[in-house]
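Comments concern the structure below.
Computed from a prediction, not measured in an experiment: that's the story for all the values here. A, B, ... follow the sequence lines: proteins, then strands. Residue 1 opens every chain.
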Amino acid sequence: MSETQVRVRFAPSPTGMLHIGGARTALYNWLYARHMGGTFVLRVEDTDEARNTPEAREAIFSGLRWLGLDWDEGPDKGGDFGPYFQSERKDIYAQYLKKLEDAGLAYEDEGAVRFRVPDKPITVDDVVCGSQTVNLAEQGSRKWDPEQKKEVEANPDLVIRRPDGTYIFHFANVVDDLTMGITHVIRGEDHLSNTPKHMALFEAFGATPPRFVHIPLNLNADGSKMSKRDQGAAVAEYMNGGFLPQAVCNYIALLGWSSKDDQEIFTMAELKERFTLEGVNRSNSRFDFSKCVWMNAEHLRRLTPGGFAELAIPYVEKAGIQAESEERLHDALALVQERTQLLTEVPEKIGYIFSDDYPKDEAALSKAAGRDGVKEAVTAMRDFLAKLEDAWTGEAIHDAIFEAASSLGLKPGALMFPCRAATTGQASGAELMPVLELMGQKRVLQRLDAFLATL
RNA sequence: GACCCGUUCGUCUAGUGGUUAGGACACCGCCCUUUCACGGCGGUAACACGGGUUCGAGUCCCGUACGGGUCGCCA
C-alpha cells in the first residue's frame with residue numbers, strides 16, 4: 001500500500017471570530033484526515049495585514065480546540081512544511097513568482113503583478129460537484145460592474161501581487177497548497193467558481209493540482225446567507241451557551257453529509273469512522289437551531305452522571321449556587337441530567353434546592369392556590385411531613401404524602417402539584433420526592449408554611 | 001448581466017427506472033408517570049413547474065422558475 005497519504009488543510013483568515021460555517025469546513029477536513037489516516041494542517045491566511053487581529057487568531061484556535069479538531073501541523077505546533085502563517089512565507093511566494101516570470105507568465109501592471117491566464121478551456125473535476133469547463137481568458141475579459149449594472153471590458157489576467165508587495169489570496173493559497181503537499185482541498189462551495197484560476201496556477205507551476213472537494217454552504221433558517229450577527233453563527237456562542245462540542249460537531253457534520261442510514265447521533269469516534277466524501281451532498285442547507293439543541297440534549301443524556309456533573313458544575317458555581325455538600329450537589333445534578341438540553345439550564349433547574357433565592361412562576365403558584373381544598377390538603381401534607389423528624393428519607397416522604405392524601409380521601413396526585421408549586425415555585429421539574437429529600441425538611445416546611453400564609 | 005452549482009415533508013435528509021416515497025427535528029394527539037421531561041404509539045406534512053425518453057420517472061434528457069455562488073490590487 002503506497003497510496004499517497006492524504007493531506008488536507010483548514011486555512012482560516014484571522015479577521016473575525018470562528019464562524020460555524022468555517023467550523024464545519026474544518027470539521028470535514030479533520031474528519032477526512034482522521035478517516036484516511038492522513039494529516040490535518042492548520043494554515044493561517046493572514047496576508048491582509050490591515051484586517052488581521054491577534055484576538056481573531058486566538059478565537060479561531062480556541063474554537064477549533066474546543067471542538068476537538070486538533071491539527072497535526074500548524075502554528076504553535078510546527079511541521080515539515082512550515083511556516084504556517086502566510087505572513088511568514090513571503091520568500092516562498094517570491095520564489096514562485098519568479099518561476100512565473102521566468103516562464104513569461106507574469107507581468108507588471110501599474111505596480112501590481114498579473115498572472116497571464118491561459119486562453120484555453122480548463123476542466124475542474126470536483127469530487128462533489130462534478131466536472132465543469134471554462135475558459136478564463138474568455139470569461140474574464142468582461143466583468144460585471146454593479147454600479148453601472150452592466151458588463152465592462154476587463155483584463156482577464158489575475159492580479160497576484162499588490163504594489164505594496166503583498167500577495168493575493170489565489171496565489172498564496174495555491175503556492176501553499178502546492179508546497180505543503182495538500183492532496184485534497186475541501187472548502188466551501190463559494191470557491192467553486194475560483195477553482196479554474198487555481199488550476200491554471202498549478203499548471204503554470206508544472207504541478208498536478210490536488211483533488212477539489214467543494215462542500216455546500218450553510219444558510220440561515222430563512223435561507224439567507226449566514227452572517228456574523230445571526231443566531232448560531234459564532235462558535236463562541238456554543239462554547240458559552242451550554243453546548244457540548246461533540247453535539248455541535250455531530251449537528252454540523254449532518255448539515256451536508258449523511259451516513260446514508262438512519263443513525264443521527266454519532267460520537268466523534270463514529271464520525272471519524274463513518275465519514276466519507278461520497279456522503280457529502282450537493283445542496284445548501286439551512287441551520288435549524290432547535291435541532292441542534294435537541295442533539296445537545298441527546299449527547300448530554302449519554303454522559304455518565306459523573307461526566308455530566310463535571311461539565312455542569314462550572315455553570316452552577318458561576319450562578320453562585322452553594323450546595324451543602326458535593327454529594328448533595330451530585331445527587332441534584334443526577335436528577336436533572338436527562339431533562340437538560342443545555343448546560344446553561346442547570347442552575348435554574350436545581351437552584352431552589354439549595355437556595356431560598358430562586359425564581360417563582362406566579363402563574364403556577366396562583367393556579368395551585370386556586371384549587372379546591374388546597375388549604376386543607378397542603379396543611380395535612382405539612383403536618384404529616386413535620387412528624388417525620390429525623391426520618392427525612394425519600395421513602396418516608398413518599399409515605400407521608402400518601403398518608404396525608406388518604407386522610408383527606410384524595411389521590412396522592414392531587415397533592416403533588418400544589419406541593420411542587422409551593423416548594424419549588426415551579427409548575428414542573430425533576431422528580432418531586434427526591435427533590436424534597438435534598439431540599440431538607442426545614443426548608444420544605446418553611447415553604448409550605450409560606451404558601452399557606454398566602455391563601 | 002454572464003458563467004457555475006443546486007431544487008424530496010416547515011427544516012436536516014434516505015432514495016441512483018418499478019417504494020404504500022423511509023428516518024430525524026419541530027408541531028399535534030394518545031399512552032406511561034405524582035407534574036414536567038424521558039420513553040412508547042399514532043398523526044399532519046414533500047418529489048418546484050412544463051415538456052420529453054421509457055411499458056414505467058423523485059430517479060435520465062431539455063426548458064422555465066426559484067435559491068445559492070463567482071465575476072476585487074477581500075479571503
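Computed from coordinates, the A:N194 CG to B:C71 P distance equals 5 Å when rounded to whole Å. We find that CG of A:N155 is positioned 9 Å from P of B:C73, with the value rounded to whole Å. Rounded to an integer number of Å, the gap from A:H198 NE2 to B:C71 P is 10 Å. Rounded to whole angstrom, the span from the CD atom of A:E431 across to the P atom of B:A37 amounts to 15 Å. Straight-line distance from the CD1 atom of A:I122 to the C1' atom of B:C3: 14 Å, rounded to whole Å.
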Q: Test side-chain hydrogen bond (donor to acceptor under 3.5 Å, both in side chains) on A:Y251 and A:N296 and set out the steps.
A: CA-CA 9 Å; A:Y251 180 69; A:N296 197 61; over 6 Å; no
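Nucleic acid contact for A:Q132: sugar-phosphate only, since backbone atoms but no base atoms lie under 4.0 Å from a heavy atom of the residue. As judged by a 4.0 angstrom heavy-atom cut-off over every strand, A:H170 is placed among the base-contacting residues.
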Atom pairs under 3.5 Å, N or O on each side, protein against nucleotides 7-16 of chain B: can you list them with distances?
unit_1, atom_1, unit_2, atom_2, d
B:C12, OP1, A:R286, N, 2.9
B:C12, O2', A:L254, O, 3.1
B:U13, OP1, A:G256, N, 2.6
B:U13, OP1, A:N281, OD1, 3.1
B:A14, OP1, A:K260, NZ, 2.9
B:A14, OP1, A:N281, ND2, 3.3

Between N or O atoms, less than 3.5 Å apart, protein on one side and nucleotides 28-31 of chain B on the other: list the pairs.
none

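The base of B:G69 lies outside donor-acceptor range of the side chain of A:E189, with no N or O pair under 3.5 Å.
Rounded to the nearest Å, the gap between the P atom of B:G63 and that of B:C47 is 23 Å. Atom name C1', nucleotides B:A2 and B:C61: the rounded distance is 24 Å, in whole Å.
Note: A:W294 and A:F289 fail the aromatic proximity criterion, with ring centroids not under 6.0 Å apart.
The phosphate of B:G1 (OP1 or OP2) has no side-chain N or O of A:W144 nearer than 4.0 angstrom.
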